[in-house]
Amino acid sequence: MNFPYMTMPLPEWLGPVVAKVFAKMCDDTTGHDFLHAVRVMELAVRIADELHADADIAAAAGLMHDYYRKEEKKTGRLHFGPEAIADLRGEFGPLMIPEIGEKNFDTILDAIALHESYSADVALSLDAQILQDADRLEALGTVGVARTFMFGGAHGLPMIEMERETTAVEFNPHVAPYGSVHMHFYEKLLKLADGMHTAPGKRMAAQRHQVMLSYLQQFENELGLTLPTVINGT
């Protein structure tokens, strides 16, 4: 079966997983659609290959990591924690465990469970580091800019919100989206490059960070936004 924008060959056992993810995520409009899953999958495989890690685990984790985004938007609950992991086990376990074994399947779920962790106190396995780096790379660069505005529009966020454009707060993944799309760059996106784990992730993030920063500076110039030095110097 052919899927759009997929450029890398996949192991045969992963085909049914791709089909299942495609069926659920192909019509998403929040920036967490099937193409996002494919791009994270392929970035994760690139990083895994460079680090001589398990590329099949990286591929499956990247493909499945945002499978419950639709439920997240509908219910207002975050689905990357225990609730999602239990549901992923029920939906994908019978499909994948006979092919890759329970240990590898658990490794995939463990990586997914921590892919939105922003705590320095949480120790990540190499597989979890690879998934997190790949997912964060997707939030940077030109694709990151496009996805940010898609996400903001889908959640009803304004492009800018003048009364709080000088106050960037710390991003909290446990809080529903709020504020403006513009301030989301400062609250989260411009901080991602400094939080990369792997050498290839850091290398790719540095270039994408500069692209995003250049875009943001032009965006602010065109809108005539005057921001404090502490923000403009990010």
Side-chain angles (χ1 to χ4, degrees), residues 1-28 30-70 79-81 84-117 124-141 143-144 147 192 195-205 208:
M1 188 172 182
N2 294 323
F3 296 96
Y5 297 98
M6 189 171 294
T7 62
M8 58 176 282
L10 297 175
E12 186 174 346
W13 64 265
L14 197 56
V17 179
V18 176
K20 193 173 178 66
V21 173
F22 176 79
K24 186 177 181 69
M25 300 179 68
C26 63
D27 61 348
D28 179 273
T30 71
H32 299 89
D33 58 2
F34 176 72
L35 300 184
H36 166 64
V38 168
R39 289 190 300 262
V40 172
M41 176 184 72
E42 296 192 345
L43 283 166
V45 170
R46 283 176 58 187
I47 295 171
D49 283 344
E50 189 166 333
L51 298 177
H52 305 292
D54 192 316
D56 286 353
I57 287 175
L63 187 65
M64 297 161 55
H65 79 285
D66 272 341
Y67 188 72
Y68 291 112
R69 280 288 184 170
K70 283 186 177 180
H79 278 255
F80 52 77
I85 300 309
D87 288 349
L88 285 171
R89 183 177 298 281
E91 284 205 50
F92 288 93
L95 193 64
M96 297 173 65
I97 290 174
E99 301 292 336
I100 63 173
E102 191 159 358
K103 181 178 179 181
N104 284 338
F105 185 68
D106 285 344
T107 298
I108 292 165
L109 295 189
D110 289 345
I112 293 172
L114 295 174
H115 85 272
E116 282 274 14
S117 172
L124 301 180
S125 67
L126 178 59
D127 299 296
Q129 291 178 16
I130 289 169
L131 175 59
Q132 193 172 93
D133 278 9
D135 192 36
R136 291 181 175 186
L137 284 169
E138 259 283 290
L140 295 172
V143 171
R147 292 182 61 237
L192 293 179
M196 304 300 283
H197 304 285
T198 67
K202 290 176 182 178
R203 184 182 68 246
M204 288 187 275
R208 294 186 184 210

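Atoms considered below: every heavy atom in the structure, side chains included; atoms not considered: hydrogens, waters and symmetry mates.
- Between Ala139 and Leu192, the shortest heavy-atom contact is CB-CD1, 3.6 Å.
- With hydrogens and angles disregarded, no donor-acceptor distance shorter than 3.5 Å links the side chain of Glu102 to the backbone of Ile97.
- For the atom pair NZ of Lys20 and CG of Leu63, the computed distance is 12.0 Å after rounding to the nearest 0.5 Å.
- Distance alone, capped at 3.5 Å, places no donor-acceptor pair between the Arg39 side chain and the Glu138 backbone.
- At a cut-off of 3.5 Å, with distance as the only test, a side-chain donor of His36 or His65 sits close to an acceptor on the other residue.
- Between Asp56 and Leu14 there is no side-chain heavy-atom pair separated by less than 4.5 Å.
- Side chain to side chain, Thr198 and Asp133 meet the donor-acceptor criterion of an N or O pair below 3.5 Å.
- The pair Arg89-Asp106 meets the salt-bridge criterion, since a charged nitrogen lies less than 4.0 angstrom from a carboxylate oxygen.
- Here the shortest heavy-atom pairing between Gly201 and Leu137 reads O-CD2, 3.9 Å.
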Inset, instruction - Verify salt bridge (charged side-chain N to carboxylate O under 4.0 Å, His left out) between Lys24 and Glu91, making sure each step is shown before the conclusion. - result: CA-CA 12 Å; Lys24 186 177 181 69; Glu91 284 205 50; 5.4 Å; no
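- The nearest pair of heavy atoms linking Asp66 to Met25 is O-CE, 3.6 Å.
- In this structure, the side chains of Leu114 and Gln132 stay at 4.5 Å or more apart for every pair of heavy atoms.
- No donor-acceptor pair under 3.5 Å is formed between the side chain of Arg136 and the backbone N or O of Met196.
- Within the model, atoms CD1 of Ile130 and CG of Asp135 stand 13.5 Å from one another, a figure rounded to the nearest 0.5 Å.
- Annotation for Ala55 and Val45: closest pair O-CG2, 3.7 Å, computed over non-hydrogen atoms.
- Annotation: Arg46, atom CZ; neighbour count of heavy atoms from other residues, nucleotides and ligands within 6.0 Å does not exceed 12.
- Here the closest non-hydrogen pair linking Val40 and Ala134 is O-CB, 3.6 Å.
- The shortest distance between side-chain heavy atoms of Leu88 and Tyr68 falls below 4.5 Å.
- Residues Ile57 and Asp54 share a closest heavy-atom pair of N-OD1, 3.1 Å.
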